[in-house]
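The chains referred to below are lettered A, B, ... by the order of the sequence lines, with proteins before strands, and numbering in each begins at 1. Note that this is a predicted model, so its numbers are computed, not measured.
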Protein chains: 2
Amino acid sequence: MRPAFAAAMLATAGFVLSAGVTAAVKPETAIHYRQGVYHAIAWNFAPMNAMVRGKQPWDQADFARRAARVAFYSQQLLEGFPPGSDAGAKTDAKPAIWQNTADFKAKMQAFQDASADLAKAAAGSDVEASKQAFAKTAEACKSCHEKYRAED
Amino acid sequence: MRPAFAAAMLATAGFVLSAGVTAAVKPETAIHYRQGVYHAIAWNFAPMNAMVRGKQPWDQADFARRAARVAFYSQQLLEGFPPGSDAGAKTDAKPAIWQNTADFKAKMQAFQDASADLAKAAAGSDVEASKQAFAKTAEACKSCHEKYRAED
């Protein structure tokens with residue numbers, strides 16, 4: 001397919017970039033992106049939490065499927081915090097993120113590691129191990145939110 | 001870890017469900033979820049589009065990485081359209097989605113298939129094949145948006 005044709009279709013598909021755009025991303029685009037990934041994490045984390053708390057019947061296969069998704073999403077967040085994206089749309093991200101980049105990255109890494117462990121545990125059949133790995137992942141969430149997320 | 005302890009941590013992690021909640025999801029939660037996944041798709045699709053259009057240098061590895069993400073995300077959308085989520089928050093999803101469920105699902109399947117093919121093509125080294133698969137995926141986007149997405 002010729003690029004011009006592809007471009008025309010993309011325009012109507014609604015994903016097209018402005019003409020002449022470069023790799024630079026608008027702060028609001030990054031903000032909406034990272035909020036989207038957090039929404040997707042919460043979407044999956046919520047029923048896992050309900051299972052852990054006994055509010056929903058335990059379903060190891062569903063728990064594992066959601067844990068694998070969370071592990072995937074955990075890898076997608078960091079690029080949603082480029083310099084300059086501390087403002088430009090409504091955001092709960094504190095400016096401290098860009099003042100303590102190394103620490104923020106370390107906390108993100110801890111979340112990635114914990115959710116990878118969670119996905120691994122969930123893929124097995126040990127319910128208690130799944131619950132413990134879930135709690136550790138929630139701790140990693142909390143550790144970062146306490147320092148870098150503004151209260152709603 | 002004891003469930004009570006895990007629950008306490010989750011509460012502060014901000015992911016906790018309301019007490020007594022069941023598997024039922026609020027319409028606004030589903031709307032925000034699916035919009036989040038679409039944002040994540042657009043985040044990855046935009047630089048791929050820029051590469052296809054020659055607005056950004058071609059990078060097969062980056063193109064492949066993003067194509068794999070889009071293929072993953074394509075699998076996550078359908079559950080974001082539960083019955084009753086045609087309203088409850090700002091949404092561009094037309095009510096026709098819930099009146100033509102079979103057709104909507106078929107279009108979603110077409111997007112899943114096209115993006116799987118795109119990820120496969122992108123994992124190779126054939127730039128033209130990658131571009132063609134990208135155009136087919138964009139066609140699948142367009143086909144669904146034309147019918148089921150309200151104009152901004």
Side-chain angles (χ1 to χ4, degrees), chain A residues 1-7 9-10 12-17 19-23 25 29-30 32-50 52-56 69 72-73 76 79-80 128 131-132 134-143 145-146 149 152, chain B residues 1-7 9-10 12-17 19-23 25 29-30 32-50 52-56 69 72-73 76 79-80 128 131-132 134-143 145-146 149 152:
Chain A
M1 187 165 289
R2 293 182 307 279
F5 184 33
M9 287 200 307
L10 284 166
T12 44
F15 283 126
V16 76
L17 289 174
V21 76
T22 66
V25 169
T29 304
H32 290 148
Y33 165 69
R34 69 194 183 217
Q35 288 173 345
V37 178
Y38 280 115
H39 272 299
I41 290 171
W43 176 262
N44 288 287
F45 223 64
M48 296 171 75
N49 179 42
V52 168
R53 295 180 71 198
K55 301 284 183 187
Q56 192 172 308
R69 293 176 179 176
F72 173 89
Y73 289 130
Q76 313 303 318
E79 66 192 76
E128 275 310 308
K131 289 182 178 178
Q132 284 178 26
F134 180 80
K136 284 187 181 172
T137 305
E139 282 184 75
C141 297
K142 181 190 169 209
S143 169
H145 291 174
E146 282 186 335
R149 188 178 72 167
D152 284 331
Chain B
M1 187 165 293
R2 293 184 303 279
F5 183 31
M9 290 204 304
L10 282 165
T12 43
F15 281 126
V16 75
L17 289 173
V21 77
T22 66
V25 169
T29 304
H32 290 146
Y33 166 69
R34 70 194 184 218
Q35 289 173 344
V37 177
Y38 280 116
H39 271 300
I41 291 171
W43 176 263
N44 287 287
F45 223 65
M48 296 172 75
N49 179 41
V52 168
R53 296 180 71 197
K55 301 284 183 187
Q56 193 172 308
R69 293 176 181 176
F72 172 89
Y73 289 129
Q76 313 304 318
E79 67 192 77
E128 274 312 307
K131 289 181 178 178
Q132 284 178 26
F134 180 80
K136 283 186 181 171
T137 305
E139 282 183 74
C141 297
K142 181 188 168 209
S143 169
H145 292 173
E146 281 185 337
R149 189 179 71 167
D152 286 330

### Message
Under a plain distance cut-off of 3.5 Å, with no hydrogens placed, do B/Gln76 and A/Trp43 share a side-chain donor-acceptor pair?
### Response
no
Turns out that what part of B/Arg34 lies under 4.5 Å from chain A's heavy atoms comes down to neither
Honestly, the part of B/Ala30 sitting under 4.5 Å from a heavy atom of chain A is both
Notebook entry, point to check: Aromatic rings A/Phe72 and B/Phe72: how do their planes relate, parallel, tilted or perpendicular, breaks at 30° and 60°?
Noted result: parallel
